[in-house]
Student: 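This structure is in structure tokens; I'll ask about it shortly.
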Amino acid sequence: MEKIVVEITIVGKDHEGVVAGFTNFIFQNGGNIEKINQNVIKSLFGMYLEASFTKKIDTVKFNQEAEKLAKSLRMEVNIHYEVSKRKRVAVLVTKESHCLEAILDARTKNQLKGEIAVIIGTENTLSKLAKKAKIPFVVVNEKDQTSAEEKIILISKKYNVDLIVLARYMRILSPNFVWRYPNRIINIHPSLLPAFPGAFAYVQAYERGAKIVGCTAHYVTEDLDQGPIIFQDAFAIDEDETLESLKRKGQKLEARTLLEAVKMHLDGRLEVYWGKVHVKPRRSK
């Protein structure tokens, strides 16, 4: 029987006994711990645990027991099973359409090895694109980011989401959210990171007289724009370039770069270790 990989994330207020509780839980269920990582920021504890099993798992029972353990430890738990199925994707947007349009176009052309399960917007601007594609569109417009993230988590669970794509989603996600989806949130940033982080990358590049501008698709971590880099691309800046023409060129590149990163993830070609993305070669047909 092939190995079954289970990813478990635990988030909550930092206190003793959590690591021991969940590692023992894995061993008692006949699993082997492949990876474990933990972090604490301002008394918020997050742990990522990857375990493998060589025997069949009763997922319903496993989930119930994990939830019971988490409740006893006053923590929240998310469980993700890595199986050979079409992954379900949530796309988070604000009002810029170029990245979402590229993803939906690839979907129409059957270029994605995954299913766009839901589109979540901070406003209604892009709902028509979702309606045309016959994909559920949910507005989460809470001003308070904690409240917004709580809703997004519930929506993601409802649609059984495997991957979250930030298609110019203009809000910063908290560690409480990010830790629940380790290496399963992809963002596009309009610069060749680590240069020009933050929201005004094109303005910074233009004002600094950059000769080359690019885009970076990366996994999201708790450190803003510092996550493992998946894919980058760039173009040269003409002498007569204006800020607006620079943005137009950049947006086209953003869409292509994000789409390529999403395709690689859905193709199962990406592995992350020691903070770096390693890309597997394409499988021959």
Side-chain angles (χ1 to χ4, degrees), residues 2 4-5 7 59 80-121 124-140 152 155-169 181-190 214-220 227-235 248-272 277-285:
E2 290 188 4
I4 299 171
V5 176
E7 298 175 357
T59 56
H80 180 252
Y81 297 91
E82 274 296 330
V83 294
S84 56
K85 65 179 179 64
R86 284 174 63 85
K87 290 181 168 49
R88 295 173 60 81
V89 182
V91 183
L92 273 58
V93 298
T94 300
K95 61 183 179 180
E96 292 185 85
S97 64
H98 52 286
C99 288
L100 176 60
E101 287 173 333
I103 292 170
L104 294 179
D105 182 59
R107 170 182 178 265
T108 300
K109 296 175 180 176
N110 293 318
Q111 295 174 347
L112 297 180
K113 292 183 179 178
E115 177 184 353
I116 311 301
V118 63
I119 299 172
I120 303 171
N124 258 316
T125 305
L126 303 182
S127 60
K128 290 182 180 179
L129 290 175
K131 185 177 181 180
K132 184 179 179 181
K134 297 181 179 178
I135 298 171
F137 186 92
V138 184
V139 175
V140 177
I152 296 170
I155 295 166
S156 297
K157 287 184 176 180
K158 176 183 176 181
Y159 286 94
N160 195 23
V161 166
D162 299 293
L163 174 68
I164 294 174
V165 178
L166 307 183
R168 297 301 285 159
Y169 176 76
Y181 303 95
N183 301 327
R184 291 196 285 121
I185 306 175
I186 297 178
N187 185 39
I188 183 66
H189 184 75
C215 302
T216 303
H218 64 95
Y219 284 120
V220 177
I229 292 170
I230 301 170
F231 186 73
Q232 293 179 301
D233 204 350
F235 61 88
R248 285 195 298 272
K249 289 181 181 179
Q251 286 179 343
K252 289 181 180 179
L253 193 65
E254 287 172 25
R256 293 198 303 269
T257 303
L258 178 61
L259 179 59
E260 182 62 24
V262 171
K263 284 181 177 179
M264 287 193 288
H265 181 99
L266 294 177
D267 288 348
R269 296 179 57 212
L270 304 178
E271 289 185 345
V272 182
V277 174
H278 298 262
V279 182
K280 302 175 186 177
R282 294 182 186 277
R283 295 176 182 175
S284 58
K285 294 183 180 180

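Computed from a predicted model, the values in this text were never measured in an experiment.
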Student: Between Y169 and V93, is the side-chain contact (heavy atoms from CB on, under 4.5 Å) condition met? List the steps.
Tutor: CA-CA 4 Å; Y169 176 76; V93 298; 6.0 Å; no
Student: Which atoms form the tightest heavy-atom contact between I186 and H265, and what is the distance?
Tutor: CD1-CB, 3.9 Å
Student: For the atom pair CD (E254) and CG (D233), what is the distance rounded to the nearest 0.5 Å?
Tutor: 12.0 Å
Student: Step by step, would you call Y159 with I120 a side-chain contact (heavy atoms from CB on, under 4.5 Å)?
Tutor: CA-CA 11 Å; Y159 286 94; I120 303 171; over 6 Å; no
Student: Could you go through the side-chain contact (heavy atoms from CB on, under 4.5 Å) check for I188 and T216 one step at a time?
Tutor: CA-CA 6 Å; I188 183 66; T216 303; 5.9 Å; no
Student: Roughly how far apart are E260 CD and L258 CG, rounded to 0.5 Å?
Tutor: 10.5 Å
Student: Do the side chains of I119 and L126 get nearer than 4.5 Å, heavy atoms only?
Tutor: no
Student: Taking it one step at a time, do K263 and L112 satisfy side-chain contact (heavy atoms from CB on, under 4.5 Å)?
Tutor: CA-CA 6 Å; K263 284 181 177 179; L112 297 180; 3.9 Å; yes
Student: Partners of R256 by salt bridge (Lys or Arg N to Asp or Glu O under 4.0 Å), sequence neighbours excluded?
Tutor: none
Student: Could you grab the distance from atom NE2 of H278 to atom CD of E271, nearest 0.5 Å is fine?
Tutor: 8.5 Å
Student: What's the separation between atom CD in Q251 and atom CZ in R248, rounded to the nearest 0.5 Å?
Tutor: 9.0 Å
Student: For I229 and H218, which heavy atoms make the closest approach, and how far apart are they?
Tutor: CA-CB, 4.0 Å
Student: Using a 3.5 Å cut-off and no angle test, enumerate the donor-acceptor pairs between side-chain atoms of residues 100-109 and protein atoms at least two apart in sequence or in another chain.
Tutor:
residue, atom, partner, partner atom, Å
D105, OD2, K109, NZ, 3.1
R107, NH1, A133, O, 3.3
R107, NH2, A133, O, 3.3
T108, OG1, L104, O, 3.0

Student: In Å, rounded to the nearest 0.5 Å, how long is the span from OG1 of T94 to CG of L166?
Tutor: 9.5 Å
Student: Kindly give the heavy-atom pair with the smallest separation between Y219 and R184, and that separation in Å.
Tutor: CD2-N, 4.1 Å
Student: Which atom names give the shortest non-hydrogen contact between C99 and R168, and what distance separates them?
Tutor: SG-CG, 3.9 Å
Student: Which residue in the set R88, K87, H80 passes side-chain hydrogen bond (donor to acceptor under 3.5 Å, both in side chains) when paired with D162?
Tutor: H80
Student: Hey, could you give me the OG/CG distance between S97 and L129, rounded to the nearest 0.5 Å?
Tutor: 6.0 Å
Student: Can you name the closest pair of heavy atoms from L163 and I185 and give their distance?
Tutor: CD1-N, 4.4 Å
Student: Can you name the nearest heavy-atom pair linking L266 to V89, along with the distance?
Tutor: CD2-CG2, 4.0 Å
Student: With sequence neighbours excluded, what pairs up with V139 under the side chain to side chain contact (heavy atoms under 4.5 Å, CB included) test?
Tutor: N124, F137, N141
